[in-house]
Amino acid sequence: MSSARICELVIGGSRANWAQVGINFSHDGVFAIGEIALRIDESLPPGMHSWVLSNIDSTIVSIDGISTSEIVGNGQSKQHDAQGFVLTPLGIDHVVVNTPDLERTSHALQQATGAELKRIRDAGNSVRQGFHRLGDVIIEIVSAPSMPPGDAALWGFVLNVADVHEVAAYLGPDVLSPPKPAVQKNRLIATFRGAVGLGVPVALMSDI
């Protein structure tokens with residue numbers, strides 16, 4: 001089993017947009033999700049830009065094109081008090097990586113982290129999903145014929161929450177889609193609307 005773990009996910013865009021869904025970053029740009037730090041750099045365009053991992057070779061700077069670095073010290077900071085609704089995720093369920101070549105990206109991830117490919121799923125319409133695990137977080141590698149040639153890229157992530165119905169009722173359907181059964185058995189999923197302006201596809205999951 002791999003000892004590598006995700007320590008940080010680095011995103012760009014406006015923190016004000018994230019505050020609309022209860023993700024309020026600290027003064028130094030950190031929002032703690034369990035033991036993982038979601039870090040925003042407002043000088044970067046919206047989207048996911050890089051990740052910081054633990055227990056990998058410190059010379060690694062890229063995993064199949066995904067900007068990668070090794071954690072140095074503790075990257076988290078204390079949360080600051082926030083006004084209004086605050087999302088309290090239990091952790092990250094999975095991180096989605098897009099790639100034109102599933103086998104190439106899967107091999108690169110395994111070489112860098114030691115995390116083996118668990119399985120490949122045919123999602124229909126020639127879309128394929130490969131699954132690795134770094135600690136408690138699943139890495140879902142997605143490939144499709146529509147993806148342009150080139151590097152792999154971080155795309156989005158899914159957060160576990162205690163009750164997705166409760167969050168949906170508070171935020172409303174214009175912000176969060178109505179919860180529906182997830183692919184995972186006995187789980188529900190809801191997705192933040194693109195109009196919110198996060199710049200990153202983010203969904204919430206909870207048990208039914």
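Hydrogens, waters and symmetry mates play no part in the numbers below; they use all other heavy atoms, side chains included.
- No chain of hydrophobic side-chain contacts below 4.5 Å, direct or via other Ile, Leu, Val, Met, Phe, Trp or Tyr residues, connects M205 to L87.
- At least one side-chain heavy atom of V95 sits under 4.5 Å from a side-chain heavy atom of V137.
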Please set out all donor-acceptor pairs under 3.5 angstrom arising from side-chain atoms of residues 106-115, sequence neighbours excluded.
unit_1 : atom_1 : unit_2 : atom_2 : d
S106   : OG     : H132   : NE2    : 2.7
T113   : OG1    : L109   : O      : 2.7
T113   : OG1    : A115   : N      : 3.1

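- Around CD of E42, the count of heavy atoms belonging to other residues, nucleotides or ligands within 6.0 Å exceeds 12.
- Using the six-membered ring where Trp is involved, F157 and W18 have ring planes that are parallel, under 30° apart on the 30 and 60° scheme.
- Under the 4.5 Å side-chain heavy-atom criterion for grouping Ile, Leu, Val, Met, Phe, Trp and Tyr, V196 is connected to I40 within one hydrophobic cluster.
- Judged by distance alone, the side chain of S146 and the main-chain N or O of A144 form no donor-acceptor pair under 3.5 Å.
- No side-chain donor from either of S206 and D163 sits under 3.5 Å from a side-chain acceptor of the other.
- No donor-acceptor pair under 3.5 Å is formed between the side chain of R121 and the backbone N or O of F131.
- Ring orientation note: the planes of Y170 and F85 are close to parallel, at an angle under 30° on the 30°/60° scale.
- Atom CD of E166 has 12 or fewer neighbouring heavy atoms from other residues, nucleotides or ligands inside a 6.0 Å radius.
- Under the 3.5 Å distance criterion, the side-chain polar atoms of S177 are matched with a main-chain donor or acceptor of T191.
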(request) Report the C-alpha separation of T99 and D101 in whole Å, then their side-chain angles, then the decisive distance to 0.1 Å, and conclude whether the side chain to side chain donor-acceptor pair (under 3.5 Å) test is met. (result) CA-CA 5 Å; T99 178; D101 189 331; 5.9 Å; no

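- Under a hydrophobic-cluster definition in which Ile, Leu, Val, Met, Phe, Trp and Tyr are linked whenever side-chain heavy atoms come within less than 4.5 Å, directly or via other members, I60 and I139 are assigned to the same cluster.
- The only member of I56, T59, D57 that meets side chain to side chain contact (heavy atoms under 4.5 Å, CB included) when paired with E70 is I56.
- Using modelled atom types, no side-chain atom of D41 and backbone atom of G12 make a donor-acceptor pair closer than 3.5 Å.
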(request) Please lay out, stage by stage, how M147 and V142 fare under the test side-chain contact (heavy atoms from CB on, under 4.5 Å). (result) CA-CA 10 Å; M147 294 182 186; V142 180; 3.9 Å; yes

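- Cluster annotation: V158 and I141 are assigned to distinct hydrophobic clusters (Ile/Leu/Val/Met/Phe/Trp/Tyr, side-chain heavy-atom contacts under 4.5 Å, transitive).
- Atom CG of D136 has 12 or fewer neighbouring heavy atoms from other residues, nucleotides or ligands inside a 6.0 Å radius.
- I92 and L188 fall within a single hydrophobic cluster, where Ile, Leu, Val, Met, Phe, Trp and Tyr side chains are chained together by heavy-atom contacts under 4.5 Å.
- Taking a cutoff of 4.0 Å between a charged side-chain nitrogen and a carboxylate oxygen, D122 and R128 do not qualify as a salt bridge.
- A 4.5 Å side-chain heavy-atom check between L134 and S2 finds at least one atom pair inside the cut-off.
- Side-chain atoms of D93 never come within 3.5 Å of backbone atoms of L159 as a donor-acceptor pair (strictly under, hydrogens ignored).
- With salt bridges taken as basic N to acidic carboxylate O contacts below 4.0 Å, one links D207 and R187.
- Counting heavy atoms from C-beta outward, L176 and V167 have side chains that approach closer than 4.5 Å.
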